[in-house]
Visitor: 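Could you have a look at this structure, given as structure tokens, before my questions?
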Amino acid sequence: MSITLNSPLDMHLHLRDEEMLQTVAPLSSSTFSGAIIMPNLVPPISTKEALDEYKNRIKMAIGEDTFTPYMTLFFKPTYTKEFLESMGDELIAIKLYPAGITTNSEGGVNGFEVEELRPTLTAMSELGIPLCIHGETNGFVMDREAEFVSIYEMLATNFPKLKIIMEHITTKESVEALDRFPNLYATITLHHLLITLDDVAGGMLQPHLFCKPIAKRPEDREALRKIALEGHPKVMFGSDSAPHPQHAKESCGCAAGVFTSPIAIQVLTELFMKHSNLQKLQAFVSDNAKRIYKNIKVPKKTIILEKKPFIVPQKYGTVVPMYAGEELAYSII
Ligand code: DOR
Ligand code: ZN
């Protein structure tokens, strides 16, 4: 039996730049129709010129593949409505990082004073630009996301017309928040549907599973699985595939990020099959995103999978993927 998916989308992706971009971009563009591209380069993407140039470099790296990079800016509270209007249709969303919370986020937001954020968030609301948020406080690592829920609520209440996307949610508290506010949405990664903190640090430390937010408890994973597998209309697949060179992962001071682009669709298919929810996979990997992000144009692309073993390569360039060397049950044909 073969499985068909139409125009899969990755609504949270790190493509990096230069050699890394050349290595990883084709691994997304061969499978996905498009992806929301994260702006946390060094320096972060914060001007029209930088955004347009980065989009061009991505297009060069993917060659002939049918794939649209949906570009984002790195949030700054100083963006004016005129500036955002001048970005035109190329700007799909803005990504907000709390300062210093993860890779290359030093220029992020210090404190969430609503009046300080109001001009930019009002302009975004009026222009229909979604706000993607890395929702973690700088508290105890296991509590950071749950502590951030009150900030999501404050933003959702003060800016009711702003679409707020809780990126890569990992906790049952975030799942519960989703249905309390009509303007809150979420992405979920592949790895947070699969692993808990036990897989990262319960035995020998697994650097290739270390990411921000860190994987949480089994009951959190259950809550995420439930809404992903039921194709909850406010939830989208966003891999947060975040490549780092092997030496930066297997070192003292391991960089955060799990690299999943080349395995994501195959493993999601297996997960949805296992739970007899295959009919909801299309909603999770494409249809919900098309409805939520009204401002994206999605190129047509058909992906066919079969139950045929796929041995995950040990490395792509310098990057070790999740499940390196292991056999997956489904292959893209
Ligand atoms: O694990 C992560 N890696 N989480 C993030 O938020 C950023 C990402 C990266 O850019 O490496
Ligand atoms: Zn990310």
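Numbering of ligands and ligand atoms starts at 1, following listing order. Just so you know, these numbers come straight off a predicted model, no measurement behind them. Atom set for the values below is all heavy atoms of this structure, side chains included, hydrogens, waters and symmetry mates excluded.
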Visitor: Any N/O/S atom, backbone or side chain, of His14 lying under 2.8 Å from the Zn ion (ligand 2)?
Guide: yes

Visitor: Does Arg16 have a non-hydrogen atom less than 4.0 Å from ligand 1?
Guide: yes

Visitor: Considering just N/O/S atoms, say which atom of His12 is closest to the Zn ion (ligand 2).
Guide: NE2

Visitor: How does Ala256 reach ligand 1, if at all, at less than 4.0 Å between non-hydrogen atoms: by side chain, backbone, both, or neither?
Guide: both

Visitor: Distance under 4.0 Å to a non-hydrogen atom of Cys211: what atoms of ligand 1 satisfy this?
Guide: 1 (O)

Visitor: What do we get for Lys212 next to ligand 1 when only non-hydrogen atoms under 4.0 Å count, side chain, backbone, both or neither?
Guide: both

Visitor: Compute whether any side-chain donor of one residue and acceptor of the other, for Ser174 and Glu145, lie under 3.5 angstrom apart.
Guide: yes

Visitor: Where is the tightest heavy-atom contact between Pro233 and Ile292, given as atom of each residue plus distance?
Guide: O-CD1, 3.5 Å

Visitor: Below 6.0 angstrom between ring centroids: does that apply to Phe148 and Phe112?
Guide: yes

Visitor: Taking only Lys NZ, Arg NE, NH1 and NH2, and the carboxylate oxygens of Asp or Glu, determine whether Glu126 and Lys81 approach each other closer than 4.0 Å.
Guide: yes

Visitor: What atom name does the N, O or S atom of Asp240 nearest to the Zn ion (ligand 2) carry?
Guide: OD1

Visitor: As an exercise, state the distance from CD1 of Ile165 to CG of Leu131, rounded to the nearest 0.5 Å.
Guide: 8.0 Å

Visitor: From Leu9 CG over to Lys301 NZ, what is the distance, rounded to the nearest 0.5 angstrom?
Guide: 10.0 Å

Visitor: Counting from 1, what ligand 1 atoms have a heavy atom of His134 closer than 4.0 Å?
Guide: 6 (O)

Visitor: Could you verify whether a donor N or O on one side chain and an acceptor N or O on the other, from Ser239 and Asp10, lie under 3.5 Å apart?
Guide: yes

Visitor: Under 4.0 Å from a heavy atom of Ala242: which atoms of ligand 1 are those, numbered in the order shown and with their elements?
Guide: 3 (N), 8 (C), 9 (C), 11 (O)

Visitor: Counting each atom of ligand 1 from 1 as listed, which ones have a heavy atom of Thr102 under 4.0 Å away?
Guide: 2 (C), 4 (N), 5 (C), 6 (O), 7 (C)

Visitor: State whether Phe75 and Lys95 meet the cation-pi test: NZ (Lys) or CZ (Arg) under 6.0 Å from the six-membered ring centroid, and within 45° of the perpendicular axis.
Guide: no

Visitor: With a 4.0 Å heavy-atom cut-off (strictly under), which part of Ile101 contacts ligand 1: side chain, backbone, both or neither?
Guide: neither

Visitor: Do any heavy atoms of Met38 fall under 4.0 Å from ligand 1?
Guide: no

